[in-house]
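Below: one structure, written as structure tokens.
Chain naming here is simple, since letters A, B, ... match the order of the sequence lines and numbering starts at 1 in each.
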2 protein chains.
Amino acid sequence: MRQDAVTSTPRSLDPRQACPIDPVVDIIFSRWTTPILWTLNSRGRLRFVELKREISTITSKVLTERLRQLERDGLVIRTYHREIPPRVEYEISDLGRTLAPLFATLAEWASVNWEQVEKARATYEAANSAPSVR
Amino acid sequence: MRQDAVTSTPRSLDPRQACPIDPVVDIIFSRWTTPILWTLNSRGRLRFVELKREISTITSKVLTERLRQLERDGLVIRTYHREIPPRVEYEISDLGRTLAPLFATLAEWASVNWEQVEKARATYEAANSAPSVR
DNA sequence: CGGCATCCTATGAGATACTG
DNA sequence: CAGTATCTCATAGGATGCCG
């Protein structure tokens with residue numbers, strides 16, 4: 001199915017092969033995964049409810065789905081305690097922790113360039129108000 | 001009738017507080033943007049059709065939408081040539097180019113850790129086949 | 001060629017209700 | 001508590017057609 005994602009030959013006949021990092025983006029930056037990973041990374045091991053409270057707007061259904069994916073991909077570790085009431089804890093895995101520098105880079109990029117993005121938007125919006133040749 | 005055609009649905013309203021990098025992720029890693037930016041960064045200035053050919057599976061509608069968003073956010077530059085037939089070229093902006101190291105980091109992470117992800121998946125799948133306590 | 005305008009559907013994801 | 005199970009709805013995005 002998927003071959004070497006970081007191949008040197010830039011043949012892009014395949015869907016995603018126009019961009020070698022696409023599969024990675026898919027697992028790391030799919031919806032809700034960033035807040036989840038970020039929270040687990042900064043807050044440490046958390047119970048399901050605690051995690052849910054952190055990411056206030058997420059529903060338990062979606063949170064469960066995302067956690068399953070992250071667990072499946074080895075980025076998050078799930079620990080089930082047979083108790084009454086049941087207790088389940090989630091923590092970031094070693095593999096997941098290797099993403100920290102990446103996230104830091106991203107945060108850094110944001111702090112440096114976000115203003116530029118907003119300026120670009122304002123400019124674009126202004127130019128869009130006036131009828132012009134597209 | 002026409003609303004803001006370039007408004008990207010904010011993937012996060014609240015999660016922003018749980019995850020500071022969420023807005024950035026939204027503009028850089030929303031669907032299709034990675035292949036587009038990657039291609040423009042490596043291939044340089046391209047016409048619409050050329051770009052479309054590179055990212056083979058994308059439809060022109062979606063490509064247009066994504067390009068508008070990227071243009072709006074200042075990551076790509078659109079140049080319109082009044083000719084017959086019309087010629088439109090897209091290139092990555094200086095701001096967009098600042099993403100290169102980030103993408104490189106991502107590619108590096110992939111080359112190092114992707115195997116681990118696949119192993120985790122295999123393990124998970126295997127464990128899932130056997131009845132176990134969830 | 002580089003798009004919009006339409007139409008249409010598959011999927012994501014919210015709301016709600018219910019269990020071990 | 002930590003989920004499932006449904007249901008519904010919005011929307012991302014594909015297919016098609018037309019036009020300057």
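- We find that CZ of B:R66 is positioned 8 Å from P of D:dA12, with the value rounded to whole Å.
- Residue-to-nucleotide proximity on DNA chain C shows that, of A:I58 and B:L67, the 5′-proximal contact is made by B:L67.
- Between B:F103 and B:F29, the angle of the ring planes stays under 30°, which puts this pair in the parallel group of the 30/60° scheme.
- Nucleotide C:dC1 holds its C1' atom 15 Å from the CG atom of B:L46, rounded to whole Å.
- A:E65 places its CD atom 8 Å from the P atom of C:dG12, with the value rounded to the nearest Å.
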B:E125/A:R72 under salt bridge (Lys or Arg N to Asp or Glu O under 4.0 Å): CA gap, chis, key distance, verdict: CA-CA 8 Å; B:E125 236 61 69; A:R72 181 189 106 133; 3.6 Å; yes
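- Every residue meeting the salt bridge (Lys or Arg N to Asp or Glu O under 4.0 Å) condition with A:R45, not counting sequence neighbours, appears here in chain and number order: A:E89, A:E91.
- As a whole-Å value, the separation of B:H81 NE2 from C:dG2 C1' is 13 Å.
- Not one side-chain nitrogen or oxygen of A:T64 sits closer than 4.0 Å to the OP1 or OP2 atom of D:dG3.
- Separating the CG atom of B:L63 from the P atom of D:dA15 is a distance of 14 Å, rounded to the nearest angstrom.
- Applying the 4.0 Å criterion to OP1 and OP2 of C:dC4, one finds that B:R68 has a side-chain N or O inside that range.
- At the phosphate of D:dG3, OP1 or OP2 sits under 4.0 Å from a side-chain N or O atom of A:Y90.
- Remark on DNA chain D: of its neighbouring residues B:P86 and A:R87, the 5'-side contact belongs to A:R87, judged by nearest-heavy-atom nucleotide.
- Remark: B:R78 is in phosphate contact with C:dG3, judged by side-chain N or O atoms under 4.0 Å from OP1 or OP2.
- Rounded to whole angstrom, the span from the NZ atom of B:K52 across to the P atom of C:dC4 amounts to 14 Å.
- Counted by atom type alone, A:Q69 and A:R66 present one or more donor-acceptor pairs between their side chains at under 3.5 Å.
- Spacing between atom CD of A:E89 and atom P of D:dG3 amounts to 12 Å, rounded to whole angstrom units.
- Listed here is the closest heavy atom pair of B:I92 and B:N41: CD1-CB, 3.9 Å.
- Judged by closest nucleotide on DNA chain C, B:F48 is the one of A:S60 and B:F48 placed further toward the 5' end.
- Atoms CD1 (B:I55) and C1' (D:dG14) sit 16 Å apart, rounded to a whole Å.
- Between the base of C:dG14 and the side chain of A:K61 there is a donor-acceptor pair shorter than 3.5 Å.
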